[in-house]
Amino acid sequence: MWSTAGCSAPAICSPPGRARPSPPSEAGPVTAVYLDHNATAPLRPEARDAMLAALESVGNPSSVHRFGREARRLAEAGRRQVAALAGVAPAQIVFTGGATEANALALTGLGRRRILASAIEHDSALAWAAERIPVGGDGRVDLDALDRLLAAGGEPAIVSVMAVNNETGVIQPVAEAAAIARRHGALIHCDAVQAAGRIPLPAVGAEVDALSLSAHKLGGPQGIGALVLRDGLPLAPLLRGGAQEGRRRAGTENVAGIAGFGAAAAAVADRADMPRIAALRDELERRLTAEGAVVLGAGAPRVANTSCVAMPGVTAETQVAALDLAGVAVSAGSACSSGKVRRSHVLEAMGLPDDLAESAIRISLGPATDAEAIDRCVAAWIDLSRRRRSRAVA
């Protein structure tokens with residue numbers, strides 16, 4: 001396995017459990033650089049501490065004895081922290097098993113059978129939508145097209161537009177989409193998974209009826225998410241059989257997961273690291289474009305940590321594998337495809353030429369990313385690019 005033993009730059013070493021096997025080398029093991037934070041972020045120490053403390057506690061939050069009351073206290077503390085990140089009241093938070101469940105709960109539970117989703121949504125939203133809202137070449141939702149689709153009539157609708165695209169980092173015009181939806185009597189849902197801790201979440205949440213979050217994208221644990229509901233909005237549960245979460249999601253609460261989610265939410269709420277990360281991302285793109293890279297979505301507003309970079313003529317799968325062998329972890333498209341690299345529906349919806357859409361990788365930075373990590377990534381990318389060019393010339 002990749003080893004962090006003797007690592008001179010611990011900030012860029014792979015967190016435990018996320019390392020990939022390294023090829024044998026006489027020079028010894030290679031420390032791995034993790035640049036796939038949009039897939040999952042390393043567990044923050046604050047979240048780990050909160051989870052360990054919660055795991056030391058025993059009790060079902062629904063029990064009325066002192067042990068149950070302590071479990072309830074821990075869960076409600078986490079709920080308040082997540083609510084503070086979203087800028088809502090704690091009662092508006094419904095904890096789920098992740099953002100996939102939160103998306104499904106919103107799109108099936110709000111009582112609208114007509115579902116429209118932008119063509120660049122995560123698969124967990126697209127799976128429910130019979131109508132797709134096109135996007136422009138810059139990766140932003142086509143608001144005129146949304147207006148036309150809703151104006152065409154039909155039964156009352158719900159519209160799903162994400163806050164930040166997970167592949168390109170492009171920030172979507174949620175407020176404008178919400179205004180159009182309201183004008184046509186539609187509800188609006190927003191997948192804000194990639195927005196939390198990167199852009200002001202309360203400004204997004206104030207515009208929508210429902211908003212989905214995921215803990216592991218911001219340094220919390222996997223297996224816990226949340227749906228944020230507009231106050232007073234009725235919701236039919238997906239999971240029935242218990243009174244938990246205000247009868248909106250049955251099942252004993254994941255107390256340790258909620259505690260970790262809350263701690264991570266509190267840690268990222270001020271977005272203090274975003275200027276530093278933006279400077280690193282810009283340096284990465286400057287050096288790669290000088291070598292012939294094409295940055296996709298660069299003409300639109302983007303979050304600071306995400307870069308979608310194409311190496312024309314070299315497939316994304318080849319790049320991901322080559323960088324992995326060089327000890328740099330990046331991805332191609334969404335990480336929710338059973339480990340497979342496939343053509344991105346996001347880049348296809350943007351109307352990009354095949355040579356760009358098929359050669360794009362996603363590089364996503366996080367709190368532990370430093371200049372040395374950027375150097376490693378750039379060096380590996382340039383080495384592959386130059387080797388491919390030399391072979392083409394030969």
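With respect to E121 and R132, no salt bridge is recorded, no charged nitrogen being found less than 4.0 Å from a carboxylate O. R79 and E245 are joined by a salt bridge, as a carboxylate oxygen and a charged side-chain nitrogen come within less than 4.0 angstrom of each other. By the 4.0 Å N-to-carboxylate-O rule, R148 lies too far from D144 to be salt-bridged with it. Taking 4.0 Å as the cut-off between side-chain N and carboxylate O, E76 and R80 do not count as a salt-bridged pair.
Remark: the backbone N or O of W381 is not paired with any side-chain donor or acceptor of S385 at under 3.5 angstrom. Panel note: side chain R281, backbone T306; a donor-acceptor pair is recorded below 3.5 Å. A donor-acceptor contact shorter than 3.5 Å is absent between the side chain of K217 and the backbone of A196. Side chain of R276 to backbone of P367: a donor-acceptor contact under 3.5 angstrom is found. Distance alone, capped at 3.5 Å, places no donor-acceptor pair between the D355 side chain and the P312 backbone. The closest donor-acceptor contact from the side chain of T318 to the backbone of V314 lies at 3.5 Å or more, if one exists at all. In this structure, E283 contributes its side chain and A278 its backbone to no donor-acceptor pair below 3.5 Å. Side chain of R362 to main chain of T168: no donor-acceptor pair is present (N/O by atom type, distance under 3.5 Å, no hydrogens or angles). Although no hydrogens or angles enter the test, the distance criterion places a donor-acceptor pair under 3.5 Å between the side chain of D209 and the main chain of I188. Under a 3.5 Å cut-off, the side chain of H184 and the backbone N or O of A186 do not form any donor-acceptor pair.
The CG atom of L150 sits 5.5 Å away from atom CZ of R114, with the distance rounded to the nearest 0.5 Å. If you take CZ on R389 and CG on L384, they are separated by 10.0 Å, rounding to the nearest 0.5 Å. Going from atom CD1 of I361 over to atom CD1 of I363 covers 4.0 Å, rounded to the nearest 0.5 Å. The line from CD of Q319 to CZ of R388 is 9.0 Å long, rounded to the nearest 0.5 Å. We find the CG-CD1 distance between N165 and I120 to be 4.5 Å, quoted to the nearest 0.5 Å. A distance of 10.0 Å separates OG1 of T96 from CG of L238, quoted to the nearest 0.5 Å.
Between the side chains of S212 and N103, at least one donor-acceptor pair of N or O atoms lies under 3.5 Å. Using modelled atom types and a 3.5 Å distance limit, the side chains of N305 and S364 yield no donor-acceptor pair. Checked by atom type, the side-chain pair S344/E167 shows a donor-acceptor distance below 3.5 Å. A donor and an acceptor atom, one from each side chain of S160 and D191, are nowhere located under 3.5 Å apart.
Of the residues D273, L35, I277, the one that meets the side chain to side chain contact (heavy atoms under 4.5 Å, CB included) test with T369 is L35.
Minimum interatomic distance between C190 and V204 (heavy atoms only, all atoms of both residues): SG-CG1, 3.8 Å. Of all non-hydrogen atoms in A265 and V82, the two that sit nearest each other are CB-CA, 4.1 Å. Of all non-hydrogen atoms in I93 and R248, the two that sit nearest each other are O-NH2, 3.5 Å. Of all non-hydrogen atoms in A157 and L116, the two that sit nearest each other are CB-CD1, 3.6 Å. The minimum heavy-atom distance linking A256 with A54 is given by the pair CA-CB, 3.8 Å. Here the closest non-hydrogen pair linking A250 and R240 is CB-C, 3.5 Å.
Counting only residues at least two apart or on different chains, the ring-ring contact (aromatic ring centres under 6.0 Å, His included) pairs with a member in residues 37-79 are Y34-H37, H65-F67. Each ring-ring contact (aromatic ring centres under 6.0 Å, His included) pair with one or both residues in residues 296-316, not counting sequence neighbours, would appear here, but there are none.
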Salt bridge (Lys or Arg N to Asp or Glu O under 4.0 Å) for D375 and R287? Distances and angles first, verdict last. CA-CA 10 Å; D375 289 343; R287 293 165 68 181; 2.8 Å; yes

Let me see the working for L85 and V268 under side-chain contact (heavy atoms from CB on, under 4.5 Å), right down to the final yes or no. CA-CA 8 Å; L85 176 67; V268 304; 4.3 Å; yes

C377 vs L284, test: side-chain contact (heavy atoms from CB on, under 4.5 Å). Steps then yes/no. CA-CA 8 Å; C377 181; L284 170 81; 4.1 Å; yes

Apply side-chain contact (heavy atoms from CB on, under 4.5 Å) to residues R286 and D282 and explain how you reach the verdict. CA-CA 6 Å; R286 183 190 67 78; D282 292 347; over 6 Å; no

Assess whether salt bridge (Lys or Arg N to Asp or Glu O under 4.0 Å) is satisfied between R112 and E155, documenting all intermediate values. CA-CA 8 Å; R112 303 292 175 94; E155 59 186 305; over 6 Å; no

Derivation of the side-chain contact (heavy atoms from CB on, under 4.5 Å) call for L347 and L356: CA-CA 8 Å; L347 304 183; L356 291 182; over 6 Å; no

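No continuous path of ILVMFWY side-chain contacts below 4.5 Å connects V208 to V170, so the two sit in separate hydrophobic clusters. V135 is not connected to L126 by any chain of hydrophobic side-chain contacts under 4.5 Å among Ile, Leu, Val, Met, Phe, Trp and Tyr, and they are in different clusters. Both I382 and L323 sit in one connected hydrophobic cluster of ILVMFWY residues. Membership requires side-chain heavy atoms under 4.5 Å apart, directly or through other members. No single ILVMFWY cluster, assembled from side-chain heavy atoms under 4.5 Å apart, contains both V378 and L296.
Annotation: side chain of S331 is not in contact with side chain of V320 (no heavy-atom distance under 4.5 Å). Counting heavy atoms from C-beta outward, V58 and E70 have side chains that stay 4.5 Å or more apart. You'll find the side chain of Q194 stays beyond 4.5 Å of the side chain of V303, heavy atoms only. Residues R376 and T31 meet the side-chain proximity criterion, which asks for heavy atoms closer than 4.5 Å. Side-chain contact between F95 and L227 is absent, with no heavy-atom pair separated by less than 4.5 Å. Side chains of L211 and H189 form no contact here, defined as non-hydrogen atoms less than 4.5 Å apart. A heavy-atom distance below 4.5 Å is not found between the side chains of L233 and Q92. Under the 4.5 Å side-chain criterion, counting only non-hydrogen atoms from C-beta, V159 is in contact with I133.
Atom CZ of R182 has more than 12 heavy atoms from other residues, nucleotides or ligands within 6.0 Å.
Apart from V255 itself, the hydrophobic cluster it occupies contains L74, where clustering links Ile, Leu, Val, Met, Phe, Trp and Tyr at side-chain heavy-atom distances under 4.5 Å.
Partners of Q81 according to the side-chain hydrogen bond (donor to acceptor under 3.5 Å, both in side chains) rule, which considers only residues two or more places apart in sequence or in another chain, do not exist here. Judged as a side-chain hydrogen bond (donor to acceptor under 3.5 Å, both in side chains), and not counting sequence neighbours, the contacts of E285 are R302, S307. Here R183 pairs with D147 under the salt bridge (Lys or Arg N to Asp or Glu O under 4.0 Å) rule; sequence neighbours left out.
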